[in-house]
Structure formats: structure tokens, C-alpha cells
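So the structure is just underneath, and the comments pick up after that.
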Amino acid sequence: VTRSRRIALDIGGTKIAAALVSGASVLARTESATRADRGPQPVVEDAVNLVAAIAEGATHKPVCVAATGRVDNGRVSAVNPATLPGWESFPLADALAERLGRSVRVVNDAHAAAWGEARFGAGRGCHGFAFVTVSTGVGAGVVADGRLLVGARGLAGHVGFVRNHGVDGLGASTLEGRASGAAIALAASSAFGRVATTRDVFARAHAGDAVADRILDGAAHALATALVDLRWVLDPDRVAIGGSVGLAPGFWERLVTAIGRLEPGDPLLVVRAELGTDAGLIGAADLLGRHRRWLEAPASNPQTPRPGR
Ligand code: ADP
Ligand code: BMX
């Protein structure tokens with residue numbers, strides 16, 4: 001039996017990817033940088049063009065979108081406005097449906113990736129499974145007994161906003177303010193006195209730079225603390241780590257060391273995500289046919305909480 005080919009979009013804080021997906025296989029994929037600085041419109045434009053490039057002319061097919069931010073009734077709100085400035089209850093599903101002439105569903109990106117890993121990757125066979133992405137931000141999804149936990153307002157799994165990670169030089173105390181790709185780049189830019197990317201920090205740490213090393217160890221320690229805390233709350237069978245930072249060479253070893261320091265002798269079952277950076281696309285495609293209440297918060301709620309300092 002040939003599985004149907006589905007169209008998926010993944011709109012992250014750094015990149016937008018579009019793909020043609022069949023089960024756990026990505027048959028075609030294309031991506032571009034997220035032009036987030038001028039609000040939602042350029043992002044919608046780029047998403048429309050990426051879908052056109054991979055859709056093989058099948059104009060009737062629906063699209064499932066995994067998007068960074070709180071998703072509620074097809075609307076997207078930035079929890080961290082630095083990632084998506086100007087996104088407050090933006091009707092992404094309607095905006096894309098109108099431009100594409102296709103039906104569109106929107107899911108949170110980390111929720112979609114968690115679902116993809118639960119179905120086809122590191123979470124197979126688990127009753128309780130959590131997936132944490134360390135990417136532009138830090139997001140997560142929880143799948144328990146075959147159900148994706150979305151939350152009353154679409155905020156379930158927003159582990160990036162758990163607090164008490166120590167005020168850093170920028171005044172942030174959230175996990176996302178410490179351990180995300182954006183936070184690593186900011187900390188390095190401030191320490192080096194010039195603009196640095198997250199990749200630069202990894203390259204410098206690899207070359208033996210003590211400052212870069214300290215920044216990455218700090219990020220790994222913050223993430224380890226949150227993972228151990230998550231274990232005390234959810235007691236999952238397994239927690240998978242993904243995202244371009246989470247999967248970057250060298251980060252995993254730091255994370256495992258940090259967890260071992262916190263709770264020696266009580267192994268937390270942390271594993272690497274198996275679907276790499278395609279988890280969100282694969283999960284979104286699989287969620288497409290499922291019931292709406294699995295995908296989004298149940299009712300439109302205009303209030304997006306903002307974590308204080
Ligand atoms: P998104 O947040 O758009 O979903 P990613 O999962 O690719 O996308 O995460 C983007 C973050 O990962 C950015 O901060 C980027 O600088 C960083 N990044 C991407 N590739 C690497 C790499 N090879 N090493 C370290 N950091 C990386
Ligand atoms: C942030 C938040 C989450 C998202 C997570 C990972 C925004 C815009 N996003 O915590 O909704 O799931 O980042 O997203 O507030 P990414 O941008 O790193 O892919």
C-alpha cells in the first residue's frame with residue numbers, strides 16, 4: 001500500500017521548511033530563513049512560495065503547519081516576542097489558506113515534533129514521552145498514552161519559560177534565556193564584544209576557547225536542571241532531545257555530564273531525537289487527519305501570558 005503524500009510546513013524562529021511527507025519519510029524538502037523582523041507578512045509570503053515549490057501541482061491537498069509560538073484556533077502568538085515580533089493572535093491558518101487556496105491546520109512546532117518522535121522515532125513504545133527541542137527557543141511536547149498534551153491555551157510543554165535559571169547578564173531567568181540558540185548567541189556576543197552566532201560558539205568551544213566552553217556548559221546545566229525537574233513532574237519513560245542546538249556536535253556530551261552531576265546514580269532516560277530536524281514536518285503531516293481537539297487549544301483565548309523576570 002502506498003501511503004498518501006502530505007504537505008507539511010515547519011515555521012521556526014530561524015528557518016521555514018516545507019516538505020512532502022509520506023509516513024516517516026521526507027520525499028522532498030526545501031527551506032529558507034525566517035524573515036521575522038518585519039512581522040508576520042514576509043513569513044506568510046515565504047511559506048506560500050515554499051509550499052508551491054514542493055507541492056507538485058497537487059492544488060487540492062491540505063497543509064499542516066508546525067509553527068513556533070502559542071497556537072490557539074489557527075492563530076499564533078509569540079510567547080517570546082523576541083523570536084516573532086508582532087505576532088499576537090495572528091490568524092496564520094486563515095492567512096495561509098487564503099493565499100494557498102488549500103485548507104490549513106496549525107500546530108505548535110514542538111508539539112508536532114514530539115508527535116513525530118512518538119509515532120516514528122525515539123518515543124515509540126512509550127506510555128509517557130517528552131520531546132524537548134533546543135533551537136532558536138526551547139520548546140517541548142508531551143505524549144501520554146497516545147495523546148498529545150496541548151493544554152487549555154496551547155501552552156503545554158512550554159518548558160522554555162520555566163524559571164529560576166539564575167539571572168544572566170541580560171536579566172533573563174528563564175530556561176530559554178539561558179539555553180536556547182538565541183541565548184547562547186547573545187551571551188557570546190556580549191562576552192566577545194562582537195556579534196557571534198550559535199555556530200561560532202560551538203566552533204570556538206571545539207577549538208578550546210574557555211569562554212565559549214563556559215557558555216555551552218551553562219546552557220547544558222540549565223537544560224539538565226529542567227529535564228530533571230520535568231522527570232519529577234511527569235515521570236516519563238523517556239525524554240528525547242532535538243533541535244539544531246540540542247543535536248549539535250558536543251552538546252549531548254555536555255548535557256549527559258550535567259545530568260550526571262545533578263543526580264548521580266539515578267539515570268534519567270534522556271536520548272537523542274531520531275528524526276533529526278525533520279521531526280516537526282513528519283509529526284505535522286501525521287497529525288493532519290486527526291481530530292481538531294488533538295491539535296489546538298480548545299477555545300480562542302486572547303491572553304498570552306508573558307513570563308516576568
Ligand atoms: P528553528 O528554531 O527555526 O526551528 P533550528 O532547530 O535549526 O531551527 O534551531 C535554530 C538555532 O540553532 C539557531 O540559534 C542556530 O544558530 C542554531 N544552529 C543551527 N545549526 C547549528 C549548528 N550546526 N551548531 C550549533 N548551532 C546551530
Ligand atoms: C519558544 C516558543 C514555543 C516554541 C519554542 C521552540 C515563541 C515564538 N516560541 O519557547 O512556542 O515551541 O520556542 O521554537 O514564543 P523554535 O522557534 O525554537 O523552533
Side-chain angles (χ1 to χ4, degrees), residues 9-17 31-36 39-40 43 46-47 65-72 75-88 90 92 106-114 131-142 150-151 153-162 172 174-189 195-206 212 215-216 219-220 226 241-252 254 273 275-281 283-284 297 304-307:
L9 258 174
D10 188 350
I11 302 179
T14 298
K15 61 173 196 314
I16 309 177
E31 70 175 58
S32 67
T34 309
R35 294 188 291 146
V43 175
D46 292 347
V65 185
T68 184
R70 179 175 85 96
V71 178
D72 164 29
R75 293 174 173 267
V76 176
S77 302
V79 183
N80 183 349
T83 302
L84 288 183
W87 291 63
E88 182 49 60
F90 177 71
L92 181 65
V106 183
V107 199
N108 170 267
D109 59 351
H111 291 177
F131 164 86
V132 177
T133 175
V134 188
S135 32
T136 313
V138 179
V142 176
V150 173
R153 284 167 292 180
L155 288 172
H158 277 71
V159 71
F161 304 100
V162 300
T174 61
L175 176 62
E176 186 155 305
R178 272 275 162 189
S180 63
I184 291 168
L186 268 171
S189 302
V195 175
T197 65
T198 314
R199 269 199 187 82
D200 295 338
V201 186
F202 275 85
R204 286 177 81 145
H206 187 69
I215 291 170
L216 293 182
I241 309 299
S244 289
V245 177
L247 297 172
F251 192 76
W252 175 253
R254 290 173 195 273
L275 306 178
T277 48
D278 289 336
L281 292 162
T304 300
R306 287 277 143 62

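Numbers for residues simply follow the sequence, beginning at 1. Just so you know, ligand 1 is whichever comes first in the structure, and atom 1 is the first atom listed for that ligand. Remember, it's a predicted structure, so these values are computed and weren't measured experimentally.
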Close N or O approach ([X], ligand 2; < 3.5 Å):
X: L84; result: no
X: N108; result: yes
X: G12; result: no
X: N80; result: yes
X: H158; result: yes
X: V79; result: yes

| said: With a 4.0 Å heavy-atom cut-off, what residues sit around ligand 1? | reply: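 Its neighbours under 4.0 Å (heavy atoms only) are G12, G13, T14, K15, S135, T136, G181, T198, R199, F202, G243, S244, V245, A248, given by chain and number.
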| message | So, applying side chain to side chain contact (heavy atoms under 4.5 Å, CB included) with L155, which one of V79, V150, N108 is it? | response |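 Passing option: V79.
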| message | Looking at non-hydrogen atoms alone, which of D109, V245, T34 comes nearest to atom 19 (O) of ligand 2? | response |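 Minimum heavy-atom distance to atom 19 (O) of ligand 2 goes to D109.
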| Which protein heavy atom lies closest to atom 1 (C) of ligand 2, and at what distance to 0.1 Å? |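 Checked against all protein heavy atoms, atom 1 (C) of ligand 2 sits closest to E176 OE1, 3.2 Å.
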| atom 9 (N) of ligand 2: which protein heavy atom is closest, and how many Å away? |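 Sorting protein heavy atoms by distance from atom 9 (N) of ligand 2 puts T68 OG1, 2.9 Å first.
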| task | Please lay out, stage by stage, how D72 and R153 fare under the test salt bridge (Lys or Arg N to Asp or Glu O under 4.0 Å). | result | CA-CA 7 Å; D72 164 29; R153 284 167 292 180; over 6 Å; no
| message | What I'd like to find out is whether the side chain of I16 reaches to under 4.5 Å of the side chain of L9, using heavy atoms alone. | response |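 Of all side-chain heavy-atom pairs linking L9 with I16, at least one is under 4.5 Å.
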| request: Report yes or no: does W87 have a heavy atom closer than 4.0 Å to ligand 2? | output: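 W87 does not count as a contact of ligand 2 under the 4.0 Å cut-off.
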| query | Touching ligand 2 at all, G13? Heavy atoms, strictly under 4.0 Å? | reply |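 A heavy atom of G13 does come that close to ligand 2.
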| request: Could you tell me which atoms of ligand 2, counted from 1 in the order shown, lie closer than 4.0 angstrom to a heavy atom of G137? | output: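 Close to G137: 13 (O), 16 (P), 18 (O).
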